[in-house]
Amino acid sequence: MNTNHAPYPGQEIWFLTGSQGLYGDDILHQVAEQSRSIAEILSGPGKIPVRTVWKPVLTDADAIRRLCQEASASDTCVGVIVWMHTFSPAKMWIAGLSALDRPLLHLHTQYNLSLPWPSIDMDFMNLNQAAHGDREFAHIESRLGIDRKIVAGHATDPRVVRRVAAWARAAVGRHASRTLRLARFGDNMRDVAVTEGDKVEAQLRFGYSVNTYAVNDLVAVVDEVEDKEAAQLAAEYAESYDVVPALRPGGIRHDSLLYAARQEIGLRTFLTEGNFTAFTTTFEDLGGLRQLPGLAVQRLMADGYGFGGEGDWKTSALLRTMKVMGAGRPGGTTFMEDYTYHLGPGTPRILGAHMLEVCPSIADGRRAPQLRNPPPVHRRPRGPGPPRLQRGPRPRRRRRPLRPRRPLPADRQHRRRRHPQRTPAPPAGGPGRMEAAPLPRRVRRELAARGRPAPHRAQLGRRHRDPDRLRQHGRRGTADHRRDHQHRTPRQGDPLERRLPPPRPGPVTPVILISLQGEHR
């Protein structure tokens with residue numbers, strides 16, 4: 001029984017059934033019929049996405065070994081499903097399982113969904129021994145250390161079908177990695193560690209064939225693309241994307257769009273002729289290319305090719321495997337880098353990007369390739385030394401307006417210690433002395449709004465640094481400050497308030513600080 005299923009044409013999963021010749025031809029004939037029925041259930045519409053091929057019932061060691069070797073050598077078989085309909089002595093499977101080089105799924109099921117209690121007899125017991133046979137087979141799998149997937153349940157259970165289908169996709173992905181050919185245009189980015197790797201070990205373990213090609217080998221193919229082909233593909237871009245006027249025919253950047261189309265045609269030709277299913281590029285080695293093949297990369301990824309930026313061949317091979325496993329499923333997969341985080345408020349998120357090299361399969365609508373001009377760059381002197389380059393005007397710092405003092409509730413008025421308004425006495429003039437400069441207007445407004453001079457804030461705790469908390473707790477903030485800092489000697493340059501400039505240096509500074517210290521006594 002053969003069933004043809006998309007999206008994996010030309011690939012098969014073989015369905016094997018185990019039994020033994022002890023039961024006789026009549027029983028084995030029933031075993032074959034029931035085994036074929038189970039295979040048909042699994043391969044129905046909307047079930048396993050790979051073509052399922054039923055194989056005759058296996059009853060001896062030689063037949064098992066030959067079939068396992070045949071499956072391993074087949075170019076179309078990507079995995080095998082094994083079911084023990086009756087008791088199949090497990091030692092018969094040792095040679096075959098040892099020679100098998102395909103993913104294995106052990107389906108622990110039976111033909112009947114429920115037991116026919118009134119009609120059970122010895123013939124029924126002789127025919128239905130799946131529970132007995134599957135346990136025997138699981139024992140030899142464990143003894144040999146065979147990697148396998150075990151799914152238990154009836155073939156009509158949707159959960160069983162989903163698990164078998166997921167395993168089938170993984171088997172197809174494994175087969176794709178075993179036959180993967182990857183072209184590297186240039187090396188990986190210099191001094192980067194994560195994109196390095198052992199390509200020989202990767203081929204031994206996963207089957208990746210990774211080789212490097214000169215970028216100018218690709219340039220030669222790109223230069224051979226005819227202008228008519230490039231113009232036709234550029235017109236297709238206009239239908240698929242929201243193209244800005246600068247890239248449309250007659251725009252100042254239309255040549256860039258035509259060259260992007262030329263790159264896609266050349267790159268697709270190179271990969272098709274070499275039977276490559278994945279590739280990498282790097283911006284540090286463009287050779288004769290005029291620009292990075294951004295549009296070509298994203299459209300090739302949409303067609304199932306693997307890609308890794310900056311020479312990352314491991315990510316490229318993994319992406320190709322994921323593309324194969326997810327074929328026909330909603331959503332998509334893409335190459336991308338994690339750039340930065342949104343840690344709140346709300347749900348944490350990750351911002352991922354990589355220039356134009358993102359697959360459209362993850363987009364939820366049309367996207368517009370745009371060329372954004374940066375703001376003008378001008379020179380602006382910044383004190384001594386050479387001028388610095390700045391982009392655009394520097395935004396001015398906004399200051400929060402002062403908030404009026406809020407009155408305390410009536411039941412807490414007795415807790416407020418009212419301080420009389422005191423102003424620092426100016427120093428006596430005389431030879432060699434400077435007159436005290438008046439306080440800045442912003443400082444005078446701040447002190448007037450509080451009704452008392454503000455305490456020093458440099459060494460206070462968080463509760464005391466917040467002006468709102470000082471107002472809320474009344475004299476408590478000042479009392480705590482007096483208790484903790486009454487022996488502290490004021491230093492020149494200490495700020496009066498947060499967000500206020502430090503007092504001016506010079507003889508006038510000690511006068512202001514001494515008067516404040518006297519206020520706290």
Side-chain angles (χ1 to χ4, degrees), residues 5 8 11-20 31 34-44 46-59 61 63-65 67-69 71-72 74 77-115 127-175 177-178 321 325:
H5 283 261
Y8 303 112
Q11 296 180 342
E12 305 169 345
I13 288 179
W14 291 5
F15 192 92
L16 313 183
T17 308
S19 187
Q20 61 177 335
V31 169
Q34 294 181 1
S35 173
R36 190 189 300 268
S37 299
I38 294 295
E40 289 176 351
I41 292 174
L42 293 177
S43 59
K47 301 297 180 62
I48 300 178
V50 188
R51 177 189 177 195
T52 305
V53 178
W54 178 84
K55 294 296 182 178
V57 178
L58 301 171
T59 58
I64 294 172
R65 176 181 53 81
L67 189 57
C68 289
Q69 290 175 344
S72 300
S74 174
C77 179
V78 299
V80 296
I81 299 176
V82 181
W83 172 42
M84 301 296 112
H85 184 287
T86 53
F87 185 78
S88 180
K91 291 173 64 175
M92 298 190 308
W93 289 85
I94 292 178
L97 293 177
S98 300
L100 183 63
D101 186 28
R102 289 292 183 269
L104 173 65
L105 184 139
H106 181 190
L107 182 60
H108 184 39
T109 186
Q110 66 182 25
Y111 178 73
N112 297 293
L113 180 62
S114 58
L115 290 177
L127 176 63
N128 297 277
Q129 300 187 38
H132 187 26
D134 280 327
R135 281 171 171 78
E136 169 77 2
F137 186 70
H139 168 76
I140 201 63
E141 287 177 313
S142 301
R143 182 68 182 270
L144 295 176
I146 301 296
D147 294 331
R148 75 277 189 189
K149 174 74 173 181
I150 299 178
V151 178
H154 198 263
T156 59
D157 189 346
R159 295 174 297 179
V160 172
V161 175
R162 284 196 300 266
R163 296 183 65 189
V164 175
W167 168 85
R169 289 182 176 274
V172 174
R174 189 256 190 190
H175 181 74
S177 69
R178 290 289 179 179
T321 305
M325 291 191 297

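Source: prediction; values computed, not measured.
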*Could you tell me whether the side chain of Ser35 and the main chain of Val31 form a donor-acceptor pair under 3.5 Å?*
no
*Looking at residues at least two apart in the chain, or sitting in another chain, which of them share a side chain to side chain contact (heavy atoms under 4.5 Å, CB included) with Thr321?*
Ser177, Tyr208, Met325
*Can you tell me which residue pairs pass the salt bridge (Lys or Arg N to Asp or Glu O under 4.0 Å) test with a partner in residues 127-138, sequence neighbours excluded?*
none
*Could I get the full list of side chain to side chain contact (heavy atoms under 4.5 Å, CB included) partners for Arg162, not counting sequence neighbours?*
Pro158, Arg159
*Listed partners of His108 passing ring-ring contact (aromatic ring centres under 6.0 Å, His included), at least two apart*: none
*Which residue pairs pass the salt bridge (Lys or Arg N to Asp or Glu O under 4.0 Å) test when at least one of the two sits in residues 78-103, sequence neighbours left out?*
Asp101-Arg174
_Set of residues satisfying side-chain hydrogen bond (donor to acceptor under 3.5 Å, both in side chains) with respect to Ser37, sequence neighbours excluded_ = none
Throw together a table of side-chain donor-acceptor distances under 3.5 angstrom for residues 146-155, partners on residues two or more places apart or in other chains.
unit_1	atom_1	unit_2	atom_2	d
Arg148	NH1	Ile146	O	3.0
Arg148	NH2	Ser142	OG	2.8
His154	ND1	Thr156	N	3.2
His154	ND1	Thr156	OG1	2.8
His154	NE2	Tyr111	O	3.2

*Can you name the side-chain hydrogen bond (donor to acceptor under 3.5 Å, both in side chains) partners of Arg169, sequence neighbours left out?*
Tyr8
*4.5 Å side-chain heavy-atom contact, Leu104 and Val82*: yes
_Using side-chain contact (heavy atoms from CB on, under 4.5 Å), reason through Leu100 and Trp93 one step at a time and then give a plain yes or no._
CA-CA 10 Å; Leu100 183 63; Trp93 289 85; over 6 Å; no
_Qualifying residues under side chain to side chain contact (heavy atoms under 4.5 Å, CB included), relative to Ala63, sequence neighbours excluded_ = Leu58, Asp60, Arg66
*Would you please name every residue forming a side-chain hydrogen bond (donor to acceptor under 3.5 Å, both in side chains) with Gln34, sequence neighbours left out?*
His85
*asked:* Applying side chain to side chain contact (heavy atoms under 4.5 Å, CB included), can you list everything that pairs with Leu115, at least two apart in sequence or on another chain?
replied: Trp117, Ile120, Phe124
*Output all residues satisfying side-chain hydrogen bond (donor to acceptor under 3.5 Å, both in side chains) with Gln20, sequence neighbours left out; order by chain, then residue number.*
Tyr23
